[in-house]
Amino acid sequence: QLQLVESGGGLVQPGGSLKLSCTASRVTLDYYHVGWFRQAPGKEREGISCISSFEGVTDYSDSVKGRFTVSKDVASNTVHLQMNSLKPEDTAVYYCAVDSSRSFSVCAQAPVEYDIWGQGTQVTVSS
């Protein structure tokens, strides 16, 4: 069974940086589209970034574009999310997820496109 584990969350001051990691077991992540999502209390789950299988085409939501960077390390079977210039509104639980269908040539950011999810890691941006 494919399992995903997120790590790297924590408490950071506004303007600071964090690097999240999403590591898979049993399956090679490069074979799948991988998405990053976040959910704040009382809010809907929001797609913020994704990276496509193999070619690694990336996409970002307007809210994080220019501040966040998604990448993958095939050797370690890990997808990273580098988060810079963090703002209080970035506070949320962050999730990585996999689209196991492989129905699309490039990744999408809609949560409904993903069926395998990690447990999430808390990111809190506060002074």
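- Here the CG-OG1 distance, from L18 to T121, works out to 8.5 Å after rounding to the nearest 0.5 Å.
- Residue-environment remark: CZ (F54) exceeds the threshold of 12 foreign heavy atoms within 6.0 Å.
- Linking ILVMFWY side-chain heavy atoms closer than 4.5 Å, directly or via other members, places I51 and V74 in two distinct hydrophobic clusters.
- For Q119, the CD atom is loosely surrounded, since the number of other residues' heavy atoms within 6.0 Å does not exceed 12.
- Using modelled atom types and a 3.5 Å distance limit, the side chains of E89 and S63 yield no donor-acceptor pair.
- Following chains of ILVMFWY side-chain contacts shorter than 4.5 Å, one can reach V12 starting from V64, so the two form part of one hydrophobic cluster.
- More than 12 heavy atoms of other residues, nucleotides or ligands sit less than 6.0 Å from atom NZ of K65.
- Residues meeting the salt bridge (charged side-chain N to carboxylate O under 4.0 Å, His left out) test with R45, sequence neighbours left out: none.
- Rounded to the nearest 0.5 Å, atoms CZ (R67) and OH (Y60) are 12.5 Å apart.
- In the model, T91 has no side-chain atom that pairs as donor or acceptor with a side-chain atom of T124 under 3.5 Å.
- Put simply, the side chain of S53 does not reach to within 4.5 Å of the side chain of R102, judged on heavy atoms.
- Connectivity analysis of hydrophobic side chains (ILVMFWY, heavy atoms under 4.5 Å, direct or indirect) links L11 to nothing; its cluster partners are none.
- Hydrophobic clustering places L4 together with L20 (ILVMFWY residues linked when any side-chain heavy atoms are closer than 4.5 Å, directly or through intermediates).
- V70 pairs in a side-chain contact (heavy atoms from CB on, under 4.5 Å) with only one of the listed residues (C22, C107, S49), which is S49.
- Ring centroid separation for the pair W36 and F68 does not come in under the 6.0 Å cut-off.
- The hydrophobic clustering, which links ILVMFWY residues whose side-chain heavy atoms are closer than 4.5 Å, places Y95 and V5 apart.
- In this structure, CG on L29 lies 11.5 Å from CD1 on I116, to the nearest 0.5 angstrom.
- Atom CD of Q82 is separated from atom NZ of K19 by 6.0 Å, given to the nearest 0.5 angstrom.
- Atom CD of Q109 and atom SG of C50 lie 5.0 Å apart (nearest 0.5 Å).
- When hydrophobic clusters are built by joining Ile, Leu, Val, Met, Phe, Trp and Tyr residues whose side-chain heavy atoms come closer than 4.5 Å, directly or via intermediates, V27 is grouped together with V79.
- Considering only residues two or more places apart in sequence or on other chains, E113 meets the side chain to side chain donor-acceptor pair (under 3.5 Å) condition with none of them.
- Considering only residues two or more places apart in sequence or on other chains, D99 meets the side-chain contact (heavy atoms from CB on, under 4.5 Å) condition with H33, S101, F104, Y114.
- Legend: side chain to side chain donor-acceptor pair (under 3.5 Å) pairs involving residues 5-17, not counting sequence neighbours, sorted by first then second residue: S17-N84.
- Using a distance-only test at 3.5 Å, with no hydrogens or angles considered, no donor-acceptor pair links the side chain of D73 to the main chain of T78.
- Residues satisfying the side chain to side chain donor-acceptor pair (under 3.5 Å) criterion with S85, sequence neighbours excluded, are absent altogether.
- When side chains are defined from C-beta on, P14 does not count as touching K87, because their heavy atoms never get closer than 4.5 Å.
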Fill in: Intermediate values then yes/no, side-chain contact (heavy atoms from CB on, under 4.5 Å), V123 and M83
CA-CA 10 Å; V123 172; M83 306 186 296; 3.9 Å; yes
